[in-house]
Amino acid sequence: MTLSGENLGYYYQKERWIFKDVNLSVAPGEVLGLSGYSGCGKTTLSRILAGYILPRAGRVTLDQGELKQDAFRPVQLIYQHLEKAINRKWHMGEVLTESYTPSQDILDAFEIREEWLKRWPIELSGGQLQRFCIVRALNPNTRYIIADEMTTMLDAITQAKIWNVFLRICKSRRIGVIVVSHEASLLNRIYDTIYKVGEQ
Ligand SMILES: Nc1ncnc2c1ncn2[C@@H]1O[C@H](COP(=O)(O)OP(=O)(O)OP(=O)(O)O)[C@@H](O)[C@H]1O
């Protein structure tokens, strides 16, 4: 079940292309790093690959078929902006179980404490909230996860801990991962393949 982008192109203002002719693919269990200068279009490309926006040119396929966006998204997007990712009117328990009920093992792996489930989002730190977003994305039906600056707001130790657990679970479930990060040290440590946006 390969996730592919074929000849992808996008512009926000008519005919002022941010990128063109992007061809990439990610296999199950593979980690693809997306790098490139600020503003080259990494976030835009991530949103296209996750099916949130349609490309102006080219297409995204999952196992050679159109990327379907039915009730559940097989390509999940985790990003840095927690305020957009989490409903502030829900308790964390509701946020966590929005699409499935995570096992105790996975909660323990990400060190999510029972007492946090009764709290409102505003009562948790950025790092604690991001753990919920990651677990939520690890739905049993998830095939790919796009992590767009997923741990940028965290300190180095927490960042390393979260990536270790996250990648271990993705590898064991053969979830393909696309990582966007401006931190070369993180990218270099984890990617199997790298795609440089704007340099092909
Ligand atoms: N909603 C929008 N409307 C108009 N232009 C936009 C919009 N979103 C992004 N852009 C522009 O598109 C280009 C690509 O933005 P994008 O956020 O995809 O880049 P990026 O590589 O992820 O950047 P960074 O590394 O700084 O986060 C930038 O020049 C940006 O200013």
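Start at 1 and go down the list; that is how both ligands and their atoms are numbered. Here the structure is a predicted model, which means the values were calculated and not measured.
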Query raised in the report: Do S46 and Y79 meet the criterion of a side-chain donor-acceptor pair at a distance under 3.5 Å?
Result: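 The criterion, which ignores hydrogens and geometry beyond distance, is not satisfied for Y79 and S46.
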
Query raised in the report: Do D155 and Q159 meet the criterion of a side-chain donor-acceptor pair at a distance under 3.5 Å?
Result: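 No donor-acceptor contact under 3.5 Å links the two side chains.
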
**Report entry** ligand 1 N/O within reach of I18 N/O, cut-off under 3.5 Å
**Finding:**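 In fact, backbone or side chain, I18 has no N or O that close.
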
Stacked cation flag [X] on [Y], 6.0 angstrom / 45 deg:
{"X": "R73", "Y": "Y52", "value": "yes"}
{"X": "R56", "Y": "Y10", "value": "yes"}
{"X": "R131", "Y": "F110", "value": "no"}

Report task. Specify whether the nearest protein heavy atom to atom 31 (O) of ligand 1 is under 4.0 angstrom away. Result ->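 No, because not a single protein heavy atom sits under 4.0 Å from atom 31 (O) of ligand 1.
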
**Report entry** atom 9 (C) of ligand 1 touched by protein (heavy atom, under 4.0 Å)
**Finding:**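 Yes, there is a protein heavy atom closer to it than 4.0 Å.
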
In the protein, which heavy atom is nearest to [atom], and how far is it?
{"atom": "atom 1 (N) of ligand 1", "value": "Y12 CE2, 3.6 Å"}
{"atom": "atom 18 (O) of ligand 1", "value": "T44 OG1, 2.5 Å"}
{"atom": "atom 25 (O) of ligand 1", "value": "K42 NZ, 2.7 Å"}
{"atom": "atom 28 (C) of ligand 1", "value": "G39 O, 3.6 Å"}
{"atom": "atom 19 (O) of ligand 1", "value": "G41 N, 3.3 Å"}
{"atom": "atom 26 (O) of ligand 1", "value": "S38 OG, 2.6 Å"}

Report task. Identify the two heavy atoms, one from A147 and one from W163, that lie closest to each other, and give their separation to 0.1 Å. Result ->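 In terms of heavy atoms, the two residues are closest at CB-CH2, 3.9 Å.
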
Could you give the side-chain donor-acceptor pairs of residues 82-90 under 3.5 Å, partners two or more places apart or in another chain?
unit_1 : atom_1 : unit_2 : atom_2 : d
N87    : OD1    : K89    : N      : 2.9

**Report entry** Within-shell test, G36 vs ligand 1, heavy atom, strictly < 4.0 Å
**Finding:**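 In this structure, G36 fails to qualify as a contact of ligand 1 - no heavy atom is under 4.0 Å.
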
Query raised in the report: Going by the order shown, which atoms of ligand 1 are within less than 4.0 Å of some heavy atom of T43?
Result: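 Heavy-atom distances to T43 below 4.0 Å select 17 (O), 18 (O), 20 (P), 22 (O).
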
Query raised in the report: Ion pair present between K42 and E149, side-chain N to carboxylate O less than 4.0 angstrom?
Result: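 Result for this pair is no, no salt bridge flagged.
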
